[in-house]
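Report on one structure; see the data block that follows.
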Amino acid sequence: MQPSVWAFQTFALCSTLSGSNTQTGYATMLDLKFMQQYPEQVQEALDKRKTGLQMSDFLRLDQQRKEIIGEVEDLRRRRNQASDKVAELKKQGADAQNQITELSLVSQKIKDLDGNKRSIEEQLQDFRLSIPNIPHPDVPLGDTDEDNREIKHWGEQPNFSFTPKAHWELGPELKGLDFERGAKITGSRFTLYWGWAAKLERALLNFMLDIQTRDHHYLEVLPPFIVNQDSMQGTGQLPKFKEDLFKIEDWNYYLIPTAEVPVTNIHRDEILREENLPLAYTAFTPCFRSEAGSYGKDTKGLIRQHQFNKVELVRFSHPDNSYQELELLLSHAETILQLLGLPYRVVTLCTGDLGFSAAKTYDIEVWLPGQQAYREISSCSNFEDFQARRANIRFQAAESRHKEFVHTLNGSGLAVGRTLVALMENCQEADGSILLPEILSPYMDGRERIS
RNA sequence: GGAGAGGUGGCCGAGUGGCUAAAGGCGGUAGUCUUGAAAACUACUGAGGGUUAACGCCCUCCGGGGGUUCGAAUCCCUCCCUCUCCGCCA
């Protein structure tokens, strides 16, 4: 039977074949043997995701690597044997000088070959780190967000007897959002919140954390907002997407673009217990994104900021049920919008819109009357074992006695700034005030109307 | 910032140049015993890679990198991390 692209996943689950190699530092994203065995399938996947990578390059390098390994191991074996002999001769008190001089030459040769080997392995590693995840078969083919597939709607778009305003009008009018001073303090895409708006942001993130911990049983964590290079590589931001990140000058540290990075990396290089799966963590963090390449997009308002707050949901799942877990995660994010009464739709991202590390992603898009458009407010993804391989996150499988990679998932639950925008625009009244949903009242000291 | 101590397999912990993939223990798996379970006893139990039809054979890995040496877990340099004491500080 011809293996399909889908075989990547199942193949990767074979416990005897899986396993990344932390000792040599070769975090992997696709199983090496699969790449060697089914290069056509890999090439097909690479083409589908428009990477421009050629498997022929990989195979050539891999061949070189094997040749050099054969050579170097042969020398090593000879050296080891001769070394044993030296030890023996010395023990007998015999002279071993001849062997010793000869061996020093062999050692030098080994050193040279090792250098070549390393350079080839680095190239192979670069290649492999540039390969995006393989889309799940459910993922629609497509090039742009136009090709995303809408799978559901919830709620009704509000009918206004007046022309609804955008939040970038309402915010300043109600003295909550100060775009000018944000720009003065830092620059464009930074906003100062005053009074009710600052409080509403805090109310929302507390509300979200409470729902996710209390009703959906996530464990709340508060991770570092700055991470190292290994963490960025573990979740797939590096090495390919450096330009999207803020880097700390003179340090190998980065500001996190999402809580996914520190939270997923909690268990990097760890072996989890099967009976503890799934693990479910939620975290509030600010997120920092350079938004390189989005010049001119969403320049007004809070939609696209260099710094924004988010409550994130992260799950470490058993490979057998990660797609059920994805549905669950999606429902947990949806709950927040439902409780707030905000209309939304859910789309499945097409192959062209899918993120680098994801196998399948649902975007939740909230209705924004000010723009007469649905805008992304949460993105829920199953990464399968892609991140787990890179970050070396495994579990001890009781049955097989072998270690397998977990599946990682995450999703926003939700982006706080955009939720605030959605509330302002959907809950605005004819007099220019905003009537907040009752459920937030305890978080707002009972205040329901912003005017 | 100054002074010390340490990083070894799933976990704990021996190991100061060749006899060490690494004692011992815990955990795990299988078996003996038992009506069953526990206890006890016995055996097995790291990973990656190369080669092979397969059995197997071989190479590498003791925080990362570099060096000394015929040969390094063990000696030297360097970086990272953890811990203790002093100073400073939210």
Side-chain angles (χ1 to χ4, degrees), chain A residues 12 14-37 58-59 61-122 124-125 128 224-234 248 250-253 265-277 388-406:
Chain A
C14 294
S15 50
T16 49
L17 294 164
S18 66
S20 82
N21 184 349
T22 46
Q23 278 144 348
T24 49
Y26 289 102
T28 60
M29 71 304 305
L30 286 185
D31 187 276
L32 180 63
K33 291 202 168 131
F34 189 91
M35 292 175 67
Q36 292 166 340
Q37 224 167 322
F58 170 82
L59 292 172
L61 283 166
D62 196 48
Q63 190 51 40
Q64 284 177 25
R65 170 176 159 273
K66 282 185 182 175
E67 281 164 16
I68 232 168
I69 281 175
E71 216 173 326
V72 92
E73 287 194 352
D74 190 49
L75 287 172
R76 278 220 180 90
R77 192 179 62 250
R78 276 161 51 194
R79 183 188 66 183
N80 289 348
Q81 285 167 354
S83 274
D84 287 345
K85 201 156 185 195
V86 169
E88 216 171 296
L89 285 171
K90 284 207 162 173
K91 213 186 276 177
Q92 293 166 2
D95 177 49
Q97 199 48 50
N98 284 345
Q99 283 85 344
I100 287 176
T101 10
E102 200 185 315
L103 279 179
S104 64
L105 294 174
V106 175
S107 284
Q108 189 51 49
K109 193 157 185 204
I110 290 174
K111 219 168 271 181
D112 295 345
L113 285 173
D114 268 339
N116 294 346
K117 188 176 113 193
R118 183 182 317 192
S119 121
I120 287 170
E121 289 189 330
E122 270 168 17
L124 281 169
Q125 178 68 350
R128 299 178 68 199
F225 303 157
I226 293 175
V227 300
N228 62 27
Q229 213 172 329
D230 288 342
S231 293
M232 283 296 186
Q233 188 165 298
I248 311 289
D250 296 331
W251 292 69
N252 247 341
Y253 290 172
N265 277 286
I266 287 174
H267 293 300
R268 172 153 49 82
D269 292 323
E270 288 185 18
I271 294 170
L272 307 172
R273 301 178 67 98
E274 185 172 26
E275 62 266 29
N276 290 340
L277 298 177
R389 276 175 189 282
R390 294 169 75 112
N392 192 30
I393 307 169
R394 295 174 292 171
F395 70 97
Q396 182 88 49
E399 293 279 306
S400 67
R401 269 205 284 160
H402 276 93
K403 292 154 196 107
E404 290 182 32
F405 291 112
V406 298

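Every chain is numbered from 1 and lettered A, B, ... according to where its sequence line falls, protein lines coming before strand lines.
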Taking only the P atom of each, what is the distance from B:rG4 to B:rC89 in whole angstrom? 24 Å
Let me know the distance between CD of A:Gln63 and P of B:rG50, rounded to the nearest Å. 11 Å
Have a look at A:Asn80 and say if it touches a base, only the backbone sugar-phosphate, or nothing, with a 4.0 Å heavy-atom cut-off. sugar-phosphate
Expressed as a whole number of Å, how far does the C1' atom of B:rU8 sit from that of B:rA22? 9 Å
Quick one: the side chain of A:Glu73 and the base of B:rG49, do they pair up donor-acceptor inside 3.5 Å? yes
Could you tell me if the side chain of A:Lys66 sits less than 4.5 Å from the side chain of A:Gln36, heavy atoms only? yes
Counting only Watson-Crick pairs (N1-N3 plus N6-O4 or O6-N4) and G-U wobbles (N1-O2, O6-N3), all under 3.5 Å, who is the partner of B:rU74? none
Would you please name every residue forming a salt bridge (Lys or Arg N to Asp or Glu O under 4.0 Å) with A:Arg77, sequence neighbours left out? A:Asp74
A:Lys111 side chain near B:rU68 phosphate (N/O to OP1/OP2, under 4.0 Å): yes
Rounded off to whole Å, could you give me the CG-to-C1' distance for the A:Asn228 and B:rC79 pair? 14 Å
Salt bridge (Lys or Arg N to Asp or Glu O under 4.0 Å) involving A:Asp114 - partner list, sequence neighbours excluded: A:Arg76
Quick check: on RNA chain B, is the nucleotide nearest A:Gln81 upstream (toward 5') of the one nearest A:Thr101, or the reverse? Name the residue that is more 5'. A:Gln81
Grab the N/O contacts between the protein and nucleotides 71-73 of chain B below 3.5 Å, and write none if there aren't any.
| unit_1 | atom_1 | unit_2 | atom_2 | d |
| --- | --- | --- | --- | --- |
| B:rG71 | OP1 | A:Ser107 | OG | 2.7 |
| B:rG71 | O4' | A:Ser83 | OG | 3.4 |

If you pin A:Ile271 and A:Val72 to their nearest nucleotides in RNA chain B, which one's is more 5'? A:Ile271
Give me the distance, rounded to whole Å, that separates B:rG64 from B:rC80 when you measure between the P atoms they each carry. 15 Å
Can you tell me the distance, in whole Å, between the CZ atom of A:Arg76 and the C1' atom of B:rC57? 17 Å
Base-pairing assignment for B:rA39 (Watson-Crick or G-U wobble, both under 3.5 Å): none
Could you work out the separation of B:rG71 and B:rU60 based on their P atoms and round it to a whole Å? 12 Å
Taking only residues two or more places apart in sequence or in another chain, which ones pass side chain to side chain donor-acceptor pair (under 3.5 Å) with A:Asn252? A:Gln229
Could you tell me which nucleotide pairs with B:rG46 by Watson-Crick or G-U wobble geometry, both distances under 3.5 Å, or answer none if nothing does? B:rC61
Backbone of A:Ala391 reached by a side-chain donor or acceptor of A:Arg268 within 3.5 Å: no
In plain terms, say whether A:Arg65 and A:Asp62 are close enough for a salt bridge, that is, a side-chain N and a carboxylate O under 4.0 Å apart. yes
B:rC57 versus B:rG7 - spacing of their C1' atoms, nearest Å: 34 Å
Take atom P in B:rU45 and the same atom in B:rC83, then report the distance between them in whole Å. 36 Å
Step by step, would you call A:Asn265 with A:Val227 a side-chain contact (heavy atoms from CB on, under 4.5 Å)? CA-CA 9 Å; A:Asn265 277 286; A:Val227 300; over 6 Å; no
Could you state the CZ-P distance from A:Arg118 to B:rU60, rounded to the nearest angstrom? 15 Å
For B:rG24, which nucleotide in any strand shown is its Watson-Crick or wobble partner with both distances under 3.5 Å? B:rC12
Under a 3.5 Å limit for both distances, which nucleotide forms a Watson-Crick or G-U wobble pair with B:rU84, could you say? B:rA3
A:Leu61 has an atom CG; how far is it from atom P of B:rG49, in whole Å? 17 Å
Pick the P atom in B:rU82 and in B:rA72, then give their distance to the nearest Å. 31 Å
I'd like to check the ring-ring contact (aromatic ring centres under 6.0 Å, His included) partners of A:Phe225; sequence neighbours left out, ordered by chain and number. none
Distance in angstrom units between A:Glu274 CD and B:rU29 P, rounded: 12 Å
Apply side chain to side chain contact (heavy atoms under 4.5 Å, CB included) to A:Leu61 and list each qualifying residue two or more places apart in sequence or on a separate chain. A:Gln64, A:Ile120, A:Gln123, A:Leu124
Would you mind classifying the nucleic acid contact of A:Arg65 as base, sugar-phosphate or nothing, using non-hydrogen atoms under 4.0 angstrom? sugar-phosphate
Roughly how far apart, to the nearest Å, are B:rC19 and B:rG27 at atom C1'? 30 Å
Within this structure, what is the CH2-to-C1' distance between A:Trp251 and B:rC81, rounded to whole angstrom? 13 Å
What is the distance, to the nearest angstrom, from the CZ atom on A:Phe405 to the C1' atom on B:rA47? 11 Å
Please pick, from B:rG65, B:rG18, B:rC70, the nucleotide with the shortest atom-to-atom distance to any side-chain atom of A:Ile100. B:rC70
